[in-house]
Number of protein chains: 2
Amino acid sequence: MPRAYLAAMKASLDTVFAALGDPTRRAILSMLLEDDMAVTDVADPFDMSLAAISKHLVILANAGLITQEKRGRVKWCKLEPDALKQASVWMQGFGQFEPVNLDDFERFLAAELGENDDDDAGGDDG
Amino acid sequence: MPRAYLAAMKASLDTVFAALGDPTRRAILSMLLEDDMAVTDVADPFDMSLAAISKHLVILANAGLITQEKRGRVKWCKLEPDALKQASVWMQGFGQFEPVNLDDFERFLAAELGENDDDDAGGDDG
DNA sequence: TGCATCTTCAACCTTTTGGTTGAGTATGAA
DNA sequence: TTCATACTCAACCAAAAGGTTGAAGATGCA
């Protein structure tokens, strides 16, 4: 098999993309965009046991997408966006996309919400 | 749950990232970077049945990452890099990465091969 | 010490995923 | 028509993923 294909099969990309494949884990990453959080607080908005969230966090940590640091009883979770970089490089290699900025990201989120979220009555800030 | 998290859970992102989570499927995408291919030819380098590859192709097509067009007996598979774009936007929203160009991509592939592939004697350029 | 809190572990369950095989369909060629 | 090629379908299987529950460690507090 040609060598570039081996690179595409690299394990680290594997763990990153597999981690991103689960919607709960992507939601967790989005939450951590705003601030570091304790495991309990990460779990809070989800309709799922703490143990399940704990497992998701292990998967994210193994992929390098977050780090966890215990201070006292509390284990703090921190987003590590650098781990996304190699995956991003891989993806952009395909499309030669133009660079994307935060504006694009926010517009993207807004568009997604417009499609999805019809219980969002009002509260639209521009 | 805050609205941005819902966006992070969007189904289309889900299918794209889940599709990318499998190393065989990423390898297929890499192969299609070079040229459109028939299903049989896609399957050829893999140590796996044609039926298995056929299923992978369905997953890639459902994620919008490829399209398939039947001409005669042959079903041609074509890379659709645009589907990667929204995933790329999502990822870049996290890191505010600098734009990446094809050079970066190739350097990335080279570095991966350096780590992995020790039958690669020489060819190390800084 | 005793108790509450934060988190993980272990055992278990169900569903999904990724693979196989053999048969079946569609097309092309002789 | 007959045969070969290109691909998919259906049934099945094993392993992995994602969830649950209850118990068990750590740690902090009174």
Side-chain angles (χ1 to χ4, degrees), chain A residues 1 5 8-32 35-63 65-78, chain B residues 1 5 8-32 35-63 65-78:
Chain A
M1 192 171 319
Y5 309 156
M9 296 177 77
K10 179 130 211 298
S12 60
L13 272 181
D14 217 36
T15 59
V16 170
F17 279 121
L20 294 176
D22 183 274
T24 299
R25 289 194 287 266
R26 286 202 309 281
I28 290 173
L29 294 179
S30 295
M31 291 164 67
L32 293 176
D35 212 345
D36 299 356
M37 294 178 81
V39 173
T40 308
D41 295 333
V42 170
D44 196 51
F46 294 95
D47 188 21
M48 195 182 296
S49 70
L50 185 59
I53 295 294
S54 180
K55 285 191 205 171
H56 281 304
L57 290 170
V58 167
I59 291 168
L60 289 170
N62 285 341
L65 290 164
I66 66 168
T67 49
Q68 294 182 289
E69 184 196 354
K70 195 162 183 182
R71 287 203 292 275
R73 278 181 301 193
V74 177
K75 199 165 189 179
W76 292 91
C77 305
K78 178 180 169 51
Chain B
M1 194 172 315
Y5 308 157
M9 296 176 79
K10 179 131 210 302
S12 59
L13 271 182
D14 218 36
T15 58
V16 170
F17 279 120
L20 295 176
D22 183 274
T24 300
R25 288 193 289 266
R26 285 202 308 282
I28 291 172
L29 294 179
S30 294
M31 290 164 68
L32 293 176
D35 213 345
D36 298 356
M37 293 178 82
V39 172
T40 308
D41 295 332
V42 170
D44 195 52
F46 294 96
D47 186 21
M48 197 182 297
S49 70
L50 184 59
I53 295 294
S54 180
K55 284 192 206 172
H56 281 304
L57 291 169
V58 168
I59 291 168
L60 289 169
N62 284 340
L65 290 164
I66 66 167
T67 49
Q68 294 181 290
E69 184 196 356
K70 194 162 185 184
R71 287 203 293 274
R73 278 182 300 193
V74 177
K75 199 166 189 178
W76 292 92
C77 305
K78 178 180 167 51

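Chain letters run A, B, ... following the sequence lines, proteins first and then strands; every chain starts at 1.
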So A:F46 and A:I28, side chain to side chain contact (heavy atoms under 4.5 Å, CB included) or not? Walk me through it.
CA-CA 10 Å; A:F46 294 95; A:I28 290 173; 3.9 Å; yes
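Between A:L60 atom CG and D:dG18 atom P there is a gap of 11 Å when expressed in whole angstrom units. The nearest whole Å value for the distance from the CG atom in A:N62 to the P atom in D:dG18 is 13 Å. Straight-line distance from the CH2 atom of A:W76 to the P atom of C:dT8: 14 Å, rounded to whole Å. We find that CG of A:D41 is positioned 14 Å from P of C:dT5, with the value rounded to whole Å. Following rounding to the nearest Å, A:L20 (CG) and D:dG18 (P) show an atom-to-atom distance of 12 Å. A:R73 has its CZ atom 7 Å from the C1' atom of D:dC29, to the nearest Å. In this structure, B:R71 places its CZ atom 17 Å from C1' of C:dA26, rounding to the nearest Å. Rounded to whole Å, the distance from CD on B:E69 to P on D:dA6 is 17 Å.
In this structure, B:L32 CG and B:C77 SG are separated by 6.0 Å, a value rounded to the nearest 0.5 Å. Here B:I66 contributes atom CD1 and B:L60 contributes atom CG; the two are 5.0 Å apart, rounded to the nearest 0.5 Å.
The shortest distance between the side-chain N/O atoms of B:S49 and the OP1/OP2 oxygens of C:dG19 is not below 4.0 Å. Look at A:H56 and you'll find a side-chain N or O under 4.0 angstrom from OP1 or OP2 of D:dG19. Note on B:S54: a side-chain N or O is less than 4.0 Å away from OP1 or OP2 of D:dT8. In this model, the phosphate group of C:dT27 is not approached by any side-chain N or O of B:K70 to a distance below 4.0 Å at OP1 or OP2.
Interface remark: the A:K75 side chain does not form any donor-acceptor pair with the D:dT27 base, using a distance-only criterion of under 3.5 Å.
Note on A:A38: only backbone sugar-phosphate atoms sit closer than 4.0 angstrom, heavy atoms only; bases stay farther off. Backbone-only contact: B:R25 has heavy atoms under 4.0 Å from sugar-phosphate atoms and none from a base.
Taking the side chain of B:V74 as heavy atoms from C-beta on, and the options C:dT7, D:dA6, C:dG19, the nearest nucleotide is D:dA6. Comparing D:dC7, C:dG22, C:dC9 by their nearest atom to the side chain of A:A51 picks out C:dC9.
B:R25 contributes no side-chain N or O that, together with a main-chain N or O of B:H56, makes up a donor-acceptor pair within less than 3.5 Å.
Each of B:K55 and A:G21 was matched to the nucleotide of DNA chain D holding its nearest heavy atom; the match closer to the 5' end belongs to B:K55.
Within the 4.5 Å cutoff, the side chain of B:T24 has heavy atoms near those of the B:I53 side chain.
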